[in-house]
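One structure is given below, encoded as structure tokens.
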Amino acid sequence: MRPKIYIKDLSDHIGEQVNLKGWLYNKRSSGKVKFLILRDGTGYLQCIVFKGNVSEEVFETADRLSQESSFEITGTVKAEARAVGGVELDATDVKLISDSVDYPITPKEHGIEFLIDKRHLWLRSKRQAAIMKVRHRVVKAIRDFFDERGFTLFDPPVITPNACEGTSTLFEFDYFDLGKAYLTQSGQLYAEAGALALGKVYTFGPTFRAEKSKTRRHLTEFWMVEPEMAFYDLDDDMDLAEEFLEYIVQTVLRECKDELEILERDTSKLKSVKRPFPRISYDEAVEILKKNGTDFEWGNDLGGGDETIISSQFDRPVMVHRYPAEVKAFYMKRDPLNSRVALAVDVLAPEGYGEIIGGSQREDDLDLLISRIKEHNLPQEFFEWYLDLRRFGSVPHSGFGLGLERTVSWICGIEHLRESIPFPRMIYRNTP
RNA sequence: UCCACGAUAGCUCAAUGGUAGAGCAUGCGGCUGUUAACCGCAGGGUUGUAGGUUCGAGUCCUACUCGUGGAGCCA
């Protein structure tokens, strides 16, 4: 039953007779010759059906194939300069597997609303399939990177009893007799427990934010990878973050050439993603903003437009560190040299893609952490287990979170996060 | 939550307040090398909903519904 050969391997089978299975991507005809474009998930292949080379019945079958109908085709593999991809199939037999009537996504332009409604079919298009393959390769690069460096995968719970950072709006639901529970907005606090147990860990899973964000940079459900390391200070954290991003981007450049070409990505912008990345303090970022004519005031958080101005000064990701403590989360450690700023870092991607990493050195002093929890009006009883991490052998430790969809969107050069995840979840949309 | 824009054929879009159209898709016909093929013919509409102005509304006004993406929040 299963295919013995796939399109991506055909260049090793020139001159051989093969049998392929897949779907009709597109069809052209010129009287007595039909051009069937077969897709099988690994590539696209032009199949030629000449009227003189096949039976009347087979020619009729080829004529009746409609867009996205599934079929099986047998023929001889030929090197052919006129075919896209350089290889084509000279068909001798075509068998319909299952029909496809009135396939809604035609080979013309469509609006985003329509395409998202048909997301389950849109994924069959060349472009969307290429994005999914890049996403897969990014995920593999992430896992390889941490695996090669002695990290342990550490899965945090998705159901949590409280807000991690106390700021974002969370999805809330009833949890049996225990009252309200929430979908996680970050696995970080749990990753800290992991780091103090295992040294270096990373979490990787879905994350949920109930913010009513309506922008190209937000989803309500997205994937985040969060490494957390014992005995890492902020500089160590930044070293790891830049090595990590370089690794991901250079791996995709090397392994996903075909996909990046389908996406028409300007890869020269990715090739320059090499260490070292520029590191600027928040104070220096404010100077850049003022020089570029904004009336930005010290103490505010960087907005989307501010990030674009800053990142446009550099040809690779830029790390902005030491933010005003007031705009950052309660668990971030203050800079011993300047208590107004937190030992935090955001990594801004080039080309206006914005914040793809947010990280910090964590507060490791029990009393300071308790006072921060109070300042933020957070319920201390929910954080007792977290405070235990400071009661029993507290150590300096750091970590960061990388947004998978933002990273994939940046590498692919796509406009909107919704194309970088198979089934995006946004405000006003939870289907298909 | 706030701001802006939008809704016309299955899809993408036209249409000075005066007969609702094109391309793609679909069906039929033509073409032995097409590259989102091309050429000919055909079918396809309660112009988002409700009201109003007008001799006359897809077009102007009001409300609502839905959508889009920007702010805020952040990955």
Side-chain angles (χ1 to χ4, degrees), chain A residues 25-37 44 46-53 59 63-64 66-68 78 80-85 88 90 100-118 121-122 125-127 164-170 184-188 204-226 241 300-307 327-329 346-349 353-359 400-410 415-418 420-421 426-429:
Chain A
Y25 191 76
N26 199 0
K27 178 175 73 171
R28 292 178 285 273
S29 78
S30 181
K32 300 190 174 62
V33 55
K34 305 279 177 201
F35 301 88
L36 308 178
I37 312 300
Y44 302 82
Q46 175 162 287
C47 303
I48 311 302
V49 184
F50 274 112
K51 195 170 179 120
N53 292 2
F59 193 76
D63 187 52
R64 289 202 175 158
S66 55
Q67 193 185 358
E68 286 301 322
K78 293 194 317 188
E80 172 56 69
R82 286 174 292 183
V84 177
E88 70 177 23
D90 204 352
S100 165
V101 180
D102 294 333
Y103 187 73
I105 302 178
T106 60
K108 268 282 183 179
E109 288 157 17
H110 298 279
I112 190 62
E113 185 187 352
F114 178 79
L115 288 171
I116 284 276
D117 280 341
K118 301 278 183 277
L121 301 175
W122 190 22
S125 77
K126 239 179 214 180
R127 203 180 142 74
C164 163
E165 305 183 7
T167 51
S168 294
T169 314
L170 304 193
T184 184
Q185 65 165 182
S186 166
Q188 185 214 304
F204 196 178
T207 305
F208 306 87
R209 304 271 167 95
E211 298 287 347
K212 292 190 172 179
S213 302
K214 285 186 56 126
T215 82
R216 69 185 70 188
R217 301 188 309 281
H218 293 88
L219 297 170
T220 54
E221 176 181 331
F222 65 97
W223 282 62
M224 186 155 65
V225 54
E226 296 177 283
N300 294 336
D301 205 353
L302 267 35
D306 304 320
E307 291 178 352
V327 301
K328 288 295 181 184
D346 283 352
V347 183
L348 309 181
Y353 280 91
E355 185 181 344
I356 51 170
I357 282 181
F400 60 82
L402 171 115
L404 177 63
E405 288 76 17
R406 287 188 182 175
T407 304
V408 171
S409 297
W410 162 47
E415 288 289 308
H416 199 299
L417 286 199
R418 67 188 151 210
S420 62
I421 187 169
M426 295 169 288
I427 180 176
Y428 302 140
R429 180 176 293 282

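We name chains A, B, ... by the order of the sequence lines, and we start the count at 1 in each one. Excluded from the calculations below are hydrogen atoms, water molecules and symmetry mates; all remaining heavy atoms, backbone and side chain alike, are included. Source: prediction; values computed, not measured.
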Counting heavy atoms from C-beta on, name the nucleotide in [options] closest to the side chain of [X].
{"X": "A:Arg209", "options": "B:G67, B:C74, B:U34", "value": "B:C74"}
{"X": "A:Glu211", "options": "B:A75, B:C73, B:A36", "value": "B:C73"}
{"X": "A:Phe35", "options": "B:C11, B:U34, B:C73", "value": "B:U34"}

Secondary structure of RNA chain B in dot-bracket form (Watson-Crick or G-U wobble, distances below 3.5 Å, | marking inter-strand pairs)
(((((((..((((....[..)))).(((((.......))))).....(((((..]....))))))))))))....
Quick one: [X] [atom1] to [N] [atom2], roughly how many Å, whole number?
{"X": "A:Leu417", "N": "B:A75", "atom1": "CG", "atom2": "C1'", "value": "9 Å"}
{"X": "A:Lys27", "N": "B:G27", "atom1": "NZ", "atom2": "C1'", "value": "12 Å"}
{"X": "A:Asp90", "N": "B:G33", "atom1": "CG", "atom2": "C1'", "value": "12 Å"}

Touch check for [X], heavy atoms < 4.0 angstrom, all strands: base, sugar-phosphate only, or nothing?
{"X": "A:Glu221", "answer": "nothing"}
{"X": "A:Ile356", "answer": "sugar-phosphate"}
{"X": "A:Gln46", "answer": "base"}

Does A:Tyr428 stack onto the base of B:G67, taking stacking as ring centres under 5.5 Å apart and planes under 30° apart?
no
Let me know which of A:Lys126, A:Gln46, A:Gln67 forms a side-chain contact (heavy atoms from CB on, under 4.5 Å) with A:Tyr25.
A:Lys126
Using only side-chain N and O atoms of A:His218, determine if any of them is under 4.0 Å from OP1 or OP2 of B:A75.
no
Within less than 4.0 Å of OP1 or OP2 of B:A71, is there a side-chain N or O belonging to A:Arg217?
yes
